[in-house]
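Here is the structure we will look at.
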Amino acid sequence: MAGDRIGRYEVLLRVRKRQEDLKAQALAVKRNEHAALRRQRRELDERRRAMLKEADIPRGARVDPVRLQAVFQYERHLSRRADAKDAEIAMHAVVVKSARAELESALAQKRIMEKLIERAERAERAKALQREQRWHDESAVIRFAHLRKRSEGK
C-alpha cells in the first residue's frame with residue numbers, strides 16, 4: 001500500500017522535475033532576450049555618440065545647414081529609438097520576473113514532492129521495523145513456550 005503511494009509520488013516527482021526543467025529553459029530564453037535588448041540599447045547609444053562626434057564642427061569651418069539639420073534629425077531619431085528600447089526593456093523585465101517566479105514555484109512543488117516521498121519512505125521503514133520487531137517478539141514467545149514445555153515435561 002505505502003509502496004504504491006511512493007511509486008505514485010515518484011511519478012509526480014518526475015513530472016515536477018520536468019516542469020522545473022521547462023521553466024528553467026524558459027527563464028534562460030527570457031534572460032537571453034533581455035540581454036539582447038540591452039545590447040541593442042547600448043548599440044544605439046554608441047551609434048548616437050559616434051554620429052555626434054562625427055558631426056562635431058571644427059572652429060572656423062564652414063557649416064552646411066542641410067547636413068547639420070540631417071545630423072540633428074538622425075540624432076532625434078536615435079533618441080526616440082533609445083526611449084522606445086528603454087520601454088521595451090522595462091516591459092521585458094516584467095516578463096523575466098514572471099518567468100523567474102514560475103521557476104521558483106516549480107522548484108517549490110518539486111521540493112514538496114521530495115518531502116512527501118521522504119516522509120512516505122520513513123513511514124514504510126518504520127512499519128517494516130515494527131513488523132520485524134513483532135516477528136522477533138513472536139519468535140521469542142514461541143521459543144519461551146517450547147522451553148517451558150520442555151522444562152515442565154522433565
Side-chain angles (χ1 to χ4, degrees), residues 1-55 70-154:
M1 177 74 99
D4 292 340
R5 184 174 356 137
I6 292 172
R8 286 190 301 260
Y9 286 161
E10 287 174 345
V11 168
L12 288 173
L13 178 61
R14 283 194 300 275
V15 169
R16 298 287 193 247
K17 284 181 181 179
R18 179 69 178 138
Q19 288 173 340
E20 176 194 351
D21 291 344
L22 292 173
K23 300 294 181 185
Q25 289 171 359
L27 177 59
V29 167
K30 299 300 179 196
R31 283 181 172 164
N32 287 339
E33 290 170 353
H34 196 73
L37 290 172
R38 288 195 320 257
R39 236 183 348 270
Q40 291 168 1
R41 175 61 170 92
R42 279 192 307 274
E43 290 169 1
L44 285 171
D45 280 343
E46 290 169 8
R47 269 199 273 165
R48 189 169 168 243
R49 274 193 300 277
M51 186 267 320
L52 288 174
K53 188 176 182 179
E54 181 183 312
V71 166
F72 286 124
Q73 280 180 339
Y74 186 59
E75 189 275 333
R76 281 193 302 275
H77 167 73
L78 289 177
S79 292
R80 283 192 301 273
R81 284 192 57 202
D83 290 344
K85 191 61 67 177
D86 287 340
E88 188 178 0
I89 288 170
M91 287 189 316
H92 200 270
V94 172
V95 172
V96 171
K97 186 176 180 180
S98 173
R100 187 179 308 114
E102 288 178 14
L103 174 60
E104 289 170 2
S105 174
L107 284 166
Q109 293 296 319
K110 183 186 83 167
R111 281 192 296 271
I112 288 169
M113 291 310 306
E114 289 170 342
K115 287 180 182 183
L116 281 172
I117 290 171
E118 187 178 302
R119 188 178 302 150
E121 287 173 342
R122 259 196 319 263
E124 184 66 27
R125 283 192 301 272
K127 284 182 183 180
L129 286 173
Q130 286 175 345
R131 284 190 301 268
E132 186 177 336
Q133 185 62 46
R134 200 173 318 125
W135 182 82
H136 285 297
D137 290 347
E138 289 172 2
S139 296
V141 167
I142 291 170
R143 245 183 285 127
F144 179 74
H146 284 303
L147 288 175
R148 192 167 183 210
K149 275 187 180 181
R150 268 197 232 159
S151 65
E152 287 179 358
K154 290 186 179 180

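Index from 1, following the sequence.
For the atom pair CG of L116 and CD of E121, the computed distance is 11.0 Å after rounding to the nearest 0.5 Å. The distance from the CD atom of E118 to the NZ atom of K115 is 8.5 Å, given to the nearest 0.5 Å. A distance of 8.5 Å separates CG in L78 from CG in L52, rounded to the nearest 0.5 Å. To the nearest 0.5 Å, the span separating NZ on K30 from CG on L27 amounts to 10.0 Å. The distance from atom CG of L37 to atom CG of D86, rounded to the nearest 0.5 Å, is 10.5 Å. Between atom CD of residue E43 and atom CZ of residue R81 there is a gap of 10.0 Å, rounded to the nearest 0.5 Å.
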Pair D4-R8, salt bridge (Lys or Arg N to Asp or Glu O under 4.0 Å): steps then yes or no: CA-CA 6 Å; D4 292 340; R8 286 190 301 260; 5.4 Å; no
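With salt bridges taken as basic N to acidic carboxylate O contacts below 4.0 Å, one links E88 and K85.
Identified under the side chain to side chain donor-acceptor pair (under 3.5 Å) test for residues 138-147, with sequence neighbours left out: none.
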Could you pull out every donor-acceptor pair under 3.5 Å between side chains of residues 89-109 and any protein atom, sequence neighbours left out?
{"residue": "H92", "atom": "ND1", "partner": "H34", "partner atom": "ND1", "Å": "3.4"}
{"residue": "H92", "atom": "NE2", "partner": "E33", "partner atom": "OE1", "Å": "3.0"}
{"residue": "E102", "atom": "OE1", "partner": "K23", "partner atom": "NZ", "Å": "3.3"}

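Inter-residue side-chain proximity for Q133 and Q130 is flagged as unmet; no heavy-atom pair is nearer than 4.5 Å. Side chains of I117 and E114 form no contact here, defined as non-hydrogen atoms less than 4.5 Å apart. Counting heavy atoms from C-beta outward, Y74 and R47 have side chains that approach closer than 4.5 Å.
Nearest approach of A120 to I6, heavy atoms of both residues: CB-CG1, 3.6 Å.
At a cut-off of 3.5 Å, with distance as the only test, no side-chain donor of D21 or Q25 sits close to an acceptor on the other residue.
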